[in-house]
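To find a chain, count down the sequence lines: A is the first, B the second, and so on, and within it residues start at 1. Scope of the values below: all heavy atoms of this structure, side chains included, with no hydrogens, waters or symmetry mates.
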Protein chains: 2
Amino acid sequence: MAAVITSPPKGSRAARTRATEDRILSVALESFGTKGFDSVSLDDLAADLGITKQAILYHWSSKRVLLDAVIDRAALELIIEFDGALSEEGSGWSRVESIVRRIFRVAMRRPELLGFIREISRIGGDASLRVTADLEPFVSRATTYFEREMDEGRIRRCDPGLLLVSAYSTVLGAATEVEVLRAVGIEPTLRSTVVRRRELLAFLHAAMVAPQG
Amino acid sequence: MAAVITSPPKGSRAARTRATEDRILSVALESFGTKGFDSVSLDDLAADLGITKQAILYHWSSKRVLLDAVIDRAALELIIEFDGALSEEGSGWSRVESIVRRIFRVAMRRPELLGFIREISRIGGDASLRVTADLEPFVSRATTYFEREMDEGRIRRCDPGLLLVSAYSTVLGAATEVEVLRAVGIEPTLRSTVVRRRELLAFLHAAMVAPQG
DNA sequence: GGGAATGTTTACCACTTGGTAAGTAAATCG
DNA sequence: CGATTTACTTACCAAGTGGTAAACATTCCC
């Protein structure tokens with residue numbers, strides 16, 4: 001009862017705990033992102049990890065709480081990825097190009113990450129609001145970036161918030177593309193995706209942008 | 001036992017059966033497309049319809065068989081939508097523009113339809129192969145169209161199959177955008193979506209297409 | 001060493017799931 | 001009319017779900 005906080009974790013036990021939780025979160029993110037939250041039972045998850053379901057519930061009180069933790073991790077990793085993208089060198093369109101390439105690269109490398117975002121946007125409720133909040137640093141930085149680009153005449157002027165939503169769903173679209181390619185039996189490569197996307201954008205640009213009317 | 005096939009359905013009973021099955025398929029497509037196959041139980045579905053789960057199982061022997069039927073319906077409706085898009089008037093880029101606009105309009109009007117496609121592409125297995133087969137007429141027609149456009153120099157030359165995959169996932173991206181907008185609390189309109197998309201495409205075009213290197 | 005956290009398992013429970021069996025009201029047909 | 005098929009409902013079941021309680025093993029600390 002004497003509220004002496006346990007001594008600072010030295011290495012062995014607390015570290016092992018954190019390692020276990022890390023493994024669980026990692027596998028959960030992968031499974032939830034690719035198969036969907038409701039399609040993955042705690043038993044499935046535990047079997048993948050070679051532990052029992054109760055070991056998971058020891059670390060998080062319910063499946064829903066685990067989801068929140070997974071959301072936290074996904075948001076963190078997304079922020080890291082996007083941060084990296086936004087810190088690209090260069091300026092103007094060459095920088096934009098680097099950013100877009102890098103975001104597509106995330107979709108190639110971590111399809112489950114973006115699939116998970118789509119998943120929780122479907123589940124809705126508090127979760128999606130949480131993600132919005134967690135991504136706030138990225139949102140404000142991107143908005144600032146968009147506004148500067150517009151000020152300097154490199155992007156046509158429009159609501160940066162809406163532009164961000166569009167870009168956001170475009171990223172999800174890239175993830176979808178990876179999934180679709182795999183479903184059709186084509187193993188996507190970064191090179192092929194970028195090349196294809198360039199063709200597609202040329203195609204769509206002419207359709208939607210060029211002939212104004 | 002004498003295998004006389006029941007007389008051709010005149011009106012009342014068989015018609016009622018078909019009407020019920022139609023209602024079930026419609027609600028199932030809506031639910032599966034927005035919430036996901038595993039997230040919707042037969043009881044949920046039945047409750048939405050004001051009937052019992054067993055009434056559903058009377059018409060289809062299992063939930064999986066029902067899914068197949070829903071897939072059939074979704075594929076049919078998609079083909080109709082895409083057929084309509086491909087039969088647009090005009091030629092060259094103006095026709096391409098009409099097609100793309102019309103496909104985005106599908107994403108606006110029937111988000112559950114495209115959400116469902118994404119859902120079954122995630123479920124994988126036979127289902128996604130089925131859809132590929134069901135969409136074959138559309139695929140071959142679109143491919144022919146792409147090839148003609150490339151022959152006549154209106155689209156940069158590339159693999160039409162890959163171009164189609166890109167367009168396909170772009171449509172899914174459009175559906176995602178609608179979902180995301182709704183999640184964020186913005187009720188999307190066709191006009192806003194088209195305008196925003198035009199800005200986005202201008203943005204991405206310059207990033208991916210213009211500065212070639 | 002002994003005792004207390006800590007991490008995990010075995011055993012179990014209430015509830016939901018997809019699915020079956022049997023019964024029933026109404027339409028159809030001889 | 002009576003018999004049969006059709007379109008359902010009520011009653012039920014085995015399996016799987018998320019979650020709890022208690023036992024067990026290991027590490028930590030004195």
* Asked: For dT6(D), does either OP1 or OP2 sit under 4.0 Å from a side-chain N or O belonging to His59(B)?
  -> no
Just how far, in rounded Å, is [atom2] of [N] from [atom1] of [X]?
X        : N       : atom1 : atom2 : result
Tyr58(B) : dA25(C) : OH    : C1'   : 13 Å
Leu66(A) : dT17(D) : CG    : P     : 15 Å
Arg18(B) : dT6(D)  : CZ    : P     : 16 Å
Gln54(A) : dT17(D) : CD    : P     : 13 Å
Trp60(A) : dG18(D) : CH2   : P     : 15 Å
Lys63(A) : dG19(D) : NZ    : P     : 8 Å
Leu57(A) : dA11(C) : CG    : P     : 18 Å

- [ ] If the plane angle is over 60° it's perpendicular, under 30° parallel, otherwise tilted; pick one for Phe32(A) and Phe37(A).
- [x] perpendicular
Original post:
Taking NZ, NE, NH1 and NH2 as the nitrogens, is one of them in Arg105(B) or Glu81(B) under 4.0 Å from a carboxylate oxygen of the other?
Top reply: no
Between Asp22(A) and Arg18(A) (salt bridge meaning N to carboxylate O under 4.0 Å), is one present in this structure?
no
Per the under-4.0 Å heavy-atom filter, residues of residues 29-53 of chain A near DNA chain C come out as Ile51(A), Thr52(A)
Item to check | Donor-acceptor contact below 3.5 Å, side chain Asp44(A) vs main chain Ser41(A) | outcome: yes
When you measure from the side chain of Arg23(B) to the backbone of Leu49(B), do you find a donor-acceptor pair of N or O atoms at a distance under 3.5 Å? yes
Separation between CG (Leu25(B)) and CG (Asp72(B)), nearest 0.5 Å, reads 9.0 Å
